[in-house]
Protein chains: 2
Amino acid sequence: MPTPERTTLDEIVHTASALLETEGVQGVTMQAVAERVGVRAPSLYKRVHSRDRLIQLVAEGSLSELARRLEGVDDPRLLADTLRAFGHERPAAFQLVMSPGAEAQTASAQFGEAASASILRVASALAGPDDALEAARTLTAWAVGFIGMELNGTFKLGGDVQAAWEFGVARIVAAITLD
Amino acid sequence: MPTPERTTLDEIVHTASALLETEGVQGVTMQAVAERVGVRAPSLYKRVHSRDRLIQLVAEGSLSELARRLEGVDDPRLLADTLRAFGHERPAAFQLVMSPGAEAQTASAQFGEAASASILRVASALAGPDDALEAARTLTAWAVGFIGMELNGTFKLGGDVQAAWEFGVARIVAAITLD
DNA sequence: ACCTGAACACCGTTCAAGT
DNA sequence: ACCTGAACACCGTTCAAGT
């Protein structure tokens with residue numbers, strides 16, 4: 001006799017995403033997720049292969065949303081600001097996606113490409129098609145590095161972080177712009 | 001009747017550092033460390049307060065060694081290359097120190113200062129004292145972001161990574177150099 | 001004074017048994 | 001066809017008991 005479904009993969013992933021922000025990666029346990037979706041932990045394995053895979057799905061969902069936000073943006077400063085705003089809104093997801101460490105499963109490549117496309121488009125307009133890839137990587141590396149350090153508290157000791165961000169954006173954009 | 005000491009804090013931290021590189025953070029379990037130093041897991045708690053604290057000690061030791069390597073370096077390109085070489089040699093330690101995520105304990109601030117000092121000195125020579133802090137943060141953010149993405153495999157898909165590094169170094173150095 | 005086995009509370013995961 | 005309790009192998013950590 002069939003039992004009605006009490007949850008969905010979507011609900012599980014969204015619950016895990018919320019838990020990620022409130023409790024950290026450590027807090028995303030199968031039991032905590034199960035409890036929040038109203039089911040016992042073993043039932044989750046009907047929808048998702050493993051905890052690692054669940055974390056990966058969270059990373060992929062987050063990266064998709066980031067890509068969506070970057071989609072229409074044409075100004076490099078606005079692009080950088082949009083990336084930073086995402087980092088501030090969802091710091092744990094940002095770190096998971098941008099510096100997964102050795103533990104968490106990286107989002108599979110196709111999810112990164114959508115986000116890369118926007119950056120590459122803006123970089124190409126600035127640096128010209130020949131230097132587009134290098135310019136995109138320079139801009140991305142700087143922004144991701146900056147936001148990561150900001151979220152980690154590396155900048156906590158003194159100085160105006162906002163001023164350093166604006167200084168960096170201006171210099172990087174100038175540096176990759178075709179004369 | 002006293003029992004002779006069978007290990008030391010130093011040996012424990014070094015063993016944990018080695019395990020970090022070979023097995024990842026996940027592999028740094030109290031049992032694995034204990035086995036390698038010839039003791040049972042509970043005995044470790046005579047020397048270190050907790051696993052979290054052990055990871056923090058590993059991070060602090062790694063950051064100290066990085067600071068030592070950066071110490072005498074005056075050329076900005078060489079500074080960036082030294083940072084990158086450290087990342088390639090000890091990828092797990094690099095990620096632990098530079099993007100600890102939410103789980104691992106960050107190295108306490110004093111350990112970061114030694115490394116910062118070298119970068120600040122070089123940045124000051126390039127950008128002048130007024131912009132030194134902002135310039136140092138721009139250079140550091142770019143390098144850390146780049147190396148992190150490189151280690152994560154974000155760059156895996158196509159393109160010449162070495163060329164992107166050299167492009168970035170040249171542009172960033174130019175960007176923060178006083179006219 | 002350090003080391004250990006046993007124990008506890010927690011994980012992720014599997015699986016037979018329920019409906 | 002989905003859900004569950006029970007079980008297993010693993011964690012980190014505590015602690016009484018050994019030497």
Side-chain angles (χ1 to χ4, degrees), chain A residues 1-60 92 96 100-107, chain B residues 1-60 92 96 100-107:
Chain A
M1 230 162 285
T3 302
E5 308 188 353
R6 247 162 252 186
T7 185
T8 63
L9 179 57
D10 227 58
E11 190 191 12
I12 290 168
V13 174
H14 280 94
T15 301
S17 289
L19 259 170
L20 174 69
E21 296 301 339
T22 56
E23 310 296 326
V25 195
Q26 304 256 31
V28 185
T29 68
M30 297 303 267
Q31 315 208 10
V33 172
E35 191 181 351
R36 268 154 232 245
V37 302
V39 101
R40 299 289 184 169
S43 299
L44 296 179
Y45 292 87
K46 283 279 152 180
R47 325 253 181 233
V48 67
H49 174 268
S50 64
R51 178 181 179 274
D52 274 4
R53 176 70 181 138
L54 175 56
I55 303 279
Q56 188 183 13
L57 289 171
V58 170
E60 289 173 354
L96 179 67
E103 0 209 359
Q105 304 300 322
T106 310
Chain B
M1 231 162 282
T3 301
E5 308 187 354
R6 247 163 252 186
T7 186
T8 62
L9 178 57
D10 227 58
E11 190 190 13
I12 290 168
V13 174
H14 279 94
T15 300
S17 289
L19 259 170
L20 174 68
E21 297 301 339
T22 57
E23 311 295 326
V25 195
Q26 304 257 29
V28 185
T29 67
M30 297 304 267
Q31 315 209 10
V33 172
E35 191 181 352
R36 267 152 233 245
V37 302
V39 100
R40 298 288 184 171
S43 299
L44 297 178
Y45 293 86
K46 282 281 152 179
R47 325 252 181 235
V48 67
H49 174 268
S50 65
R51 178 180 179 274
D52 274 4
R53 175 71 182 138
L54 175 56
I55 303 279
Q56 188 183 12
L57 289 172
V58 170
E60 290 172 355
L96 180 66
E103 2 209 359
Q105 303 301 323
T106 310

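All of these numbers come straight from a predicted model, not from anything done at the bench.
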Shorter than 3.5 Å, N or O on both sides, protein versus nucleotides 10-17 of chain D: list them out with atom names.
unit_1	atom_1	unit_2	atom_2	d
D:dG12	OP1	B:M30	N	3.2
D:dG12	OP1	B:R51	NE	3.3
D:dG12	OP2	B:M30	N	3.0
D:dT13	OP2	B:Y45	OH	2.8
D:dT13	OP2	B:R51	N	2.8
D:dT13	O5'	B:Y45	OH	3.3

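- A donor-acceptor contact under 3.5 Å is formed by the side chain of A:T3 with the base of D:dC2.
- Look at CG on A:L44: it is 13 Å from P on D:dG5, rounded to the nearest Å.
- B:S43 contributes no side-chain N or O that forms a donor-acceptor pair with the base of C:dC3 under 3.5 Å.
- Although no hydrogens or angles enter the test, the distance criterion places a donor-acceptor pair under 3.5 Å between the side chain of B:E21 and the main chain of B:A92.
- Checked options A:L54, A:L9, A:V13, A:T8; the residue passing with A:R47 is A:L9 (criterion: side chain to side chain contact (heavy atoms under 4.5 Å, CB included)).
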Which string of ( ) [ ] | and . matches DNA chain C, if you list each base 5' to 3' and count Watson-Crick or G-U pairs only when both distances are under 3.5 Å? ||.|||||...|||||.||
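- For the atom pair B:L57 CG and B:D52 CG, the distance stands at 11.0 Å (nearest 0.5 Å).
- In terms of phosphate contacts, A:R47 brings a side-chain nitrogen or oxygen within less than 4.0 Å of OP1 or OP2 of D:dC3.
- When every heavy atom of A:R40 is checked against every heavy atom of A:A34, the shortest pair comes out as C-CB, 3.6 Å.
- In this entry the distance linking CD of A:E35 with C1' of D:dG5 reads 17 Å, nearest Å.
- At distances below 3.5 Å, not a single donor-acceptor pair connects side-chain atoms of A:R6 with backbone N or O atoms of A:V37.
- Put simply, the side chain of A:R36 never gets that close to the backbone of A:L19: no donor and acceptor are under 3.5 Å apart.
- Across all non-hydrogen atoms, the minimal contact from B:T7 to B:E11 is OG1-OE1, 2.5 Å.
- Going from atom CD1 of B:I12 over to atom CG of B:L44 covers 5.0 Å, rounded to the nearest 0.5 Å.
- The shortest distance between the side-chain N/O atoms of B:R40 and the OP1/OP2 oxygens of C:dG5 is below 4.0 Å.
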